[in-house]
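Below: the structure, in structure tokens.
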Amino acid sequence: MPVALLMLVFTPVLLRESRDVERWSYDISGAATSTVALVAIVYAVGQAPVTGWASAQTAGLFAAAAALLGLFMVVERRSASPLVPLHMLRHGVLVGGNLVTLTMGMAAFGMWVAISQYGQVVLGYAPLEFGLLQSVMPFLAFVGASVGQTVVTLMGFRPVVLACLVLMGAGCLSLSLVPVDGSYFPDIL
């Protein structure tokens with residue numbers, strides 16, 4: 001809240017408004033189809049543990065999402081100002097980067113949930129206590145990003161991406177071997 005309030009106060013003073021010289025149009029139909037498709041996917045995944053992954057509701061929601069994503073592609077192909085210019089999907093580096101980001105994001109967020117559950121449910125830490133113990137993670141992520149930026153400048157992005165994927169996989173694998181009667185310092189940290 002304090003940061004947001006400071007931004008509200010200082011933004012009009014420090015930033016000048018820019019104007020786009022071209023007339024910009026909004027891709028309302030692209031926004032609507034993609035939003036409804038993503039809502040259907042999230043709802044299907046959220047309800048599948050209750051209704052069953054093979055249930056008619058889950059299959060119907062996934063089918064609706066697939067149809068809406070197909071419609072989104074048609075809309076984007078015809079739009080004057082598409083949300084996602086489809087020609088960008090032909091760039092291998094961009095597609096590969098998005099797949100790596102998706103993979104690492106799924107691993108990282110999944111790891112956070114599993115570690116939090118383990119620390120609080122199995123080891124018995126209070127949420128605040130475990131949150132404070134885990135505060136070392138963002139610090140280490142900052143250090144890793146700084147080191148990674150330097151290495152990318154020296155060697156390019158491919159070796160860094162490969163090293164990150166290998167290290168993330170090794171970290172998740174090592175966390176899968178944590179015993180039930182483990183503890184924070186030798187096992188999780």
Side-chain angles (χ1 to χ4, degrees), residues 1-18 31 34-35 37-50 65 69 83-84 88-89 91-189:
M1 284 298 284
V3 172
L5 290 174
L6 287 172
M7 287 174 56
L8 283 172
V9 170
F10 288 111
T11 296
V13 176
L14 299 175
L15 299 177
R16 287 179 279 140
E17 185 172 346
S18 62
S34 63
T35 300
L38 293 174
V39 166
I41 291 169
V42 169
Y43 188 70
V45 170
Q47 291 299 306
V50 176
L69 288 174
L83 290 174
V84 179
M88 290 184 354
L89 299 177
H91 296 286
V93 173
L94 180 67
V95 172
N98 283 329
L99 289 174
V100 166
T101 301
L102 175 69
T103 302
M104 292 184 75
M106 287 173 22
F109 288 119
M111 179 186 66
W112 277 102
V113 171
I115 288 174
S116 294
Q117 288 294 309
Y118 177 75
Q120 294 175 46
V121 175
V122 176
L123 299 181
Y125 286 104
L128 180 60
E129 182 182 19
F130 196 73
L132 289 172
L133 287 171
Q134 286 298 96
S135 66
V136 70
M137 296 291 249
F139 173 75
L140 292 175
F142 175 77
V143 171
S146 300
V147 170
Q149 181 180 7
T150 304
V151 176
V152 164
T153 304
L154 296 172
M155 299 175 63
F157 67 91
R158 283 186 172 91
V160 174
V161 169
L162 180 63
C164 287
L165 285 172
V166 168
L167 289 171
M168 180 71 82
C172 289
L173 180 64
S174 69
L175 284 171
S176 73
L177 302 174
V178 171
V180 174
D181 60 344
S183 62
Y184 181 81
F185 288 104
D187 295 315
I188 295 177
L189 185 61

Handout entry: Backbone of Gly182 reached by a side-chain donor or acceptor of Tyr118 within 3.5 Å
Key =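 A pair under 3.5 Å: yes.
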
Handout entry: Test item: Ser174 side-chain N/O and Gly171 main-chain N/O as donor-acceptor pair under 3.5 Å
Key =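 Side chain of Ser174 to backbone of Gly171, a donor-acceptor pair under 3.5 Å: yes, one is there.
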
Close side-chain approach of [X] to [Y], heavy-atom, < 4.5 Å:
| X | Y | answer |
| --- | --- | --- |
| Val143 | Phe139 | yes |
| Asn98 | Leu102 | no |
| Pro179 | Asp187 | yes |

Can you name the nearest heavy-atom pair linking [X] to [Y], along with the distance?
| X | Y | answer |
| --- | --- | --- |
| Ser34 | Leu83 | OG-CD1, 4.2 Å |
| Val95 | Leu89 | CG2-O, 3.3 Å |
| Phe185 | Leu133 | CZ-CD2, 4.2 Å |
| Ala65 | Ile41 | CB-CG1, 3.4 Å |
| Pro12 | Met7 | CD-O, 4.4 Å |

Practice task
Tell me, yes or no, whether the heavy-atom count around Tyr43 atom OH, taken from other residues, nucleotides or ligands under 6.0 Å, exceeds 12.
Solution key: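 Count not over threshold, so no.
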
Exercise for the section: State whether the number of non-hydrogen atoms from other residues, nucleotides or ligands found under 6.0 Å of Gln149 atom CD is greater than 12. Expected result: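 Incorrect, the count does not exceed 12.
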
Exercise for the section: Mind running side-chain contact (heavy atoms from CB on, under 4.5 Å) on Phe130 and Ile188 for me, showing each step along the way? Expected result: CA-CA 11 Å; Phe130 196 73; Ile188 295 177; 4.1 Å; yes

Problem - Intermediate values then yes/no, side-chain contact (heavy atoms from CB on, under 4.5 Å), Val93 and Arg158 - result: CA-CA 10 Å; Val93 173; Arg158 283 186 172 91; 4.0 Å; yes

Nearest-0.5 Å distance, [atom1] of residue [X] to [atom2] of residue [Y]:
| X | Y | atom1 | atom2 | value |
| --- | --- | --- | --- | --- |
| Met168 | Thr103 | CE | OG1 | 10.0 Å |
| Cys164 | Phe157 | SG | CZ | 12.5 Å |
| Met111 | Met104 | CE | CE | 9.5 Å |

